[in-house]
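This chain uses plain numbering: 1 for the first residue, then up along the sequence. Every heavy atom of this structure was used, including side-chain atoms; hydrogens, water molecules and symmetry mates were not.
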Amino acid sequence: MDNLRERKMFNGLFVDDRASEDYLITNFSSTDIEFNFLLADQPLIEMARKITDAKPDIIVLDYRLDEPQVNQPKNEYKAGPLAQQLRDWALEHTKDDFPIVLVSNENKRELYEKDLTAHDLFDQRYTKEEISRNHSGAYKRQLLSMVLGYKRIKQEWTASASDRLAILLDAEGSEDDLSQLAHQDISKVYERHAAPHHFARDTFRYVIDRAGLLLDKEDVLAVLGVFGGSNVTKLLEVLKHRNVDYRGVFSEGWPRWWRSRLEAFGKEVCGETLGNVTADKRAVQINKSLNLNLTAAISRWTKRSDALFAFACCSCLCPTELQFSVAAYDPDAKSFLRPKRICWTCVGTGEYEQKQIAIDESEEY
């Protein structure tokens, strides 16, 4: 993606119905994206046209664009209808498609959660409080990653659906990865896309946000059976050197690792499939092979490290065993996704309920 970085500055727009909120552009802007403030003071269609005429690389929309305003006509629309206008426009202008990010105040998040018709319109959703409190720059990296990802998608838009998928997920050099992408459920999802934002939406939904093809950091540590500590950074460097990390679209903002490559790496290090090796023995072999000092993960339920960890609990994110977990209800299940599971500890404490996770009724007993 280095060729996409030749441009020194990308153009972003932050749209809000209150002029006093313009200070937030400093929270979005970075050395890569310069955000400008745009006051939502026009009717819906005119506002959408004003945004598309600006040809932004990314826009951030405040959810409540219909609150009482001073000395101007009151808008009659929220972010959802405006985003829908922009998405409809992009269907006929695919080369100018751009990511749309939603922001809202913490106390108004519940209003958005109830607005089910708007959920597929936005690439990401943040609260203003989250962004204001963030000092690591993670959100700014994610904004840039969305810009770069969309530009990559648009570059490859004329390719066939299968070729586009392989190129954009950076799976071209691996026969194993390509065979996974040829899975019927995956191909059916990606062959129906009519615009870049469709590709982006399903990549976030099924590839970035869900364990299956890829794993996040917590799942990587669970599969390897190790506890997060000072040597984890070194471990991740090794995985990158071994080409286990994901380098496709949106990887700059959301680090992920190929599950199949990680399992092959683990088998090479431990001499057999990781599912047959307890965490304490995995840690010993990994430390010996890589000259690290990682600590074996400990089960929250048994308080022991001689466990066959397979994944991270979808509630507490701690390494969890299949035998001491239950299936979580998953309305968006796909055969290529790893089923979500909740550890018995979270079930016993009720922690999972605070995360708005439900137990699959087939396993409630």
Could you give the side-chain donor-acceptor pairs of residues 45-52 under 3.5 Å, partners two or more places apart or in another chain?
unit_1	atom_1	unit_2	atom_2	d
T52	OG1	A48	O	3.3
T52	OG1	R49	O	3.1

Are any of the side-chain nitrogens in [X] or [Y] under 4.0 Å away from the carboxylate oxygens of its partner?
X: D66; Y: R64; answer: yes
X: E351; Y: R300; answer: yes
X: D57; Y: K151; answer: yes
X: D96; Y: K154; answer: no

Nearest atoms (heavy-atom pairs only) where [X] meets [Y]:
X: N27; Y: I131; answer: CB-CG2, 3.6 Å
X: I298; Y: K303; answer: CG2-C, 3.5 Å
X: D123; Y: M146; answer: CB-SD, 3.8 Å
X: F35; Y: L13; answer: CD2-N, 3.5 Å
X: E268; Y: R242; answer: OE2-NH1, 3.5 Å
X: G225; Y: R282; answer: N-NH1, 3.8 Å

Atom [atom1] of [X] with >12 non-hydrogen neighbours under 6.0 angstrom:
X: E92; atom1: CD; result: no
X: K188; atom1: NZ; result: no
X: D53; atom1: CG; result: yes
X: F336; atom1: CZ; result: yes

- Could you give me the CA-CA distance, side-chain angles and deciding distance for V244 and V220, then say whether side-chain contact (heavy atoms from CB on, under 4.5 Å) is met? CA-CA 10 Å; V244 177; V220 167; over 6 Å; no
Determine whether a donor-acceptor pair (N or O, by modelled atom type, separation under 3.5 Å) exists between the side chain of [X] and the backbone of [Y].
X: R259; Y: A211; result: no
X: R256; Y: I208; result: yes
X: T273; Y: N276; result: no
X: R201; Y: D120; result: no
X: S305; Y: D280; result: no
X: K355; Y: S315; result: yes

- Starting from the C-alpha separation in whole Å, work towards a yes-or-no answer on side-chain contact (heavy atoms from CB on, under 4.5 Å) for F98 and N11. CA-CA 11 Å; F98 48 77; N11 170 39; over 6 Å; no
Value rounded to 0.5 Å, distance of [atom1] in [X] from [atom2] in [Y]:
X: K95; Y: W157; atom1: NZ; atom2: CH2; answer: 15.0 Å
X: L213; Y: L181; atom1: CG; atom2: CG; answer: 6.0 Å
X: T158; Y: D163; atom1: OG1; atom2: CG; answer: 10.5 Å
X: H198; Y: R87; atom1: NE2; atom2: CZ; answer: 8.0 Å
X: I100; Y: I59; atom1: CD1; atom2: CD1; answer: 4.5 Å
X: L214; Y: R261; atom1: CG; atom2: CZ; answer: 9.0 Å

- Query: Does any pair with a residue in residues 317-334 pass side-chain hydrogen bond (donor to acceptor under 3.5 Å, both in side chains), and if so which ones, sequence neighbours excluded?
  - Reply: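 Qualifying pairs: Y206-D332, R210-D330, S299-E321, S325-R341.
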- Residue pairs passing the side-chain hydrogen bond (donor to acceptor under 3.5 Å, both in side chains) test where at least one lies in residues 215-237, sequence neighbours excluded: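 side-chain hydrogen bond (donor to acceptor under 3.5 Å, both in side chains) check on residues 215-237 returns D219-R338.
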Using a 4.5 Å cut-off on heavy atoms from C-beta on, say whether the side chain of [Y] contacts that of [X].
X: F14; Y: V103; value: yes
X: F250; Y: R152; value: no
X: L239; Y: D245; value: no
X: L169; Y: T203; value: yes
X: Y150; Y: H197; value: yes
X: L308; Y: T278; value: yes
X: C343; Y: C318; value: no
X: L82; Y: L44; value: yes

- Let me know which of K128, K78, R18 forms a side-chain hydrogen bond (donor to acceptor under 3.5 Å, both in side chains) with D62.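 One option only clears the test, and that one is K128.
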State plainly whether one hydrophobic cluster holds both [X] and [Y], where clusters connect Ile, Leu, Val, Met, Phe, Trp and Tyr through side-chain heavy atoms under 4.5 angstrom apart.
X: L236; Y: L262; result: yes
X: W257; Y: L224; result: yes
X: F227; Y: V284; result: no
X: L221; Y: L317; result: no
X: W258; Y: L274; result: no

- Item | Derivation of the salt bridge (Lys or Arg N to Asp or Glu O under 4.0 Å) call for D32 and K140 | CA-CA 9 Å; D32 299 289; K140 291 183 179 182; over 6 Å; no
- Task: Could you identify which residues cluster with L91, counting Ile, Leu, Val, Met, Phe, Trp and Tyr as linked when any side-chain heavy atoms lie under 4.5 Å apart, either directly or through a chain of such contacts?
- Result: none
- Query: Quick one: hydrophobic cluster around W301, which other residues, with the 4.5 Å side-chain cut-off, linked directly or via members?
  - Reply: F324, V326, I342, W344, V347, Y352, I357, I359
- Which is it for L148 and F10 under the side-chain contact (heavy atoms from CB on, under 4.5 Å) test, yes or no, and what are the steps along the way? CA-CA 10 Å; L148 296 176; F10 295 112; 3.9 Å; yes
- Task: Could I get the full list of ring pair (Phe, Tyr, Trp, His ring centres under 6.0 Å) partners for W89, not counting sequence neighbours?
- Result: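 Only H93 meet the ring pair (Phe, Tyr, Trp, His ring centres under 6.0 Å) criterion with W89.
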- Task: Carefully, step by step, assess F199 and L165 under the rule side-chain contact (heavy atoms from CB on, under 4.5 Å).
- Result: CA-CA 9 Å; F199 186 101; L165 181 61; 4.2 Å; yes
- Task: Name the orientation class of the two ring planes belonging to F204 and W254 (parallel below 30°, tilted from 30 to 60°, perpendicular beyond 60°).
- Result: perpendicular
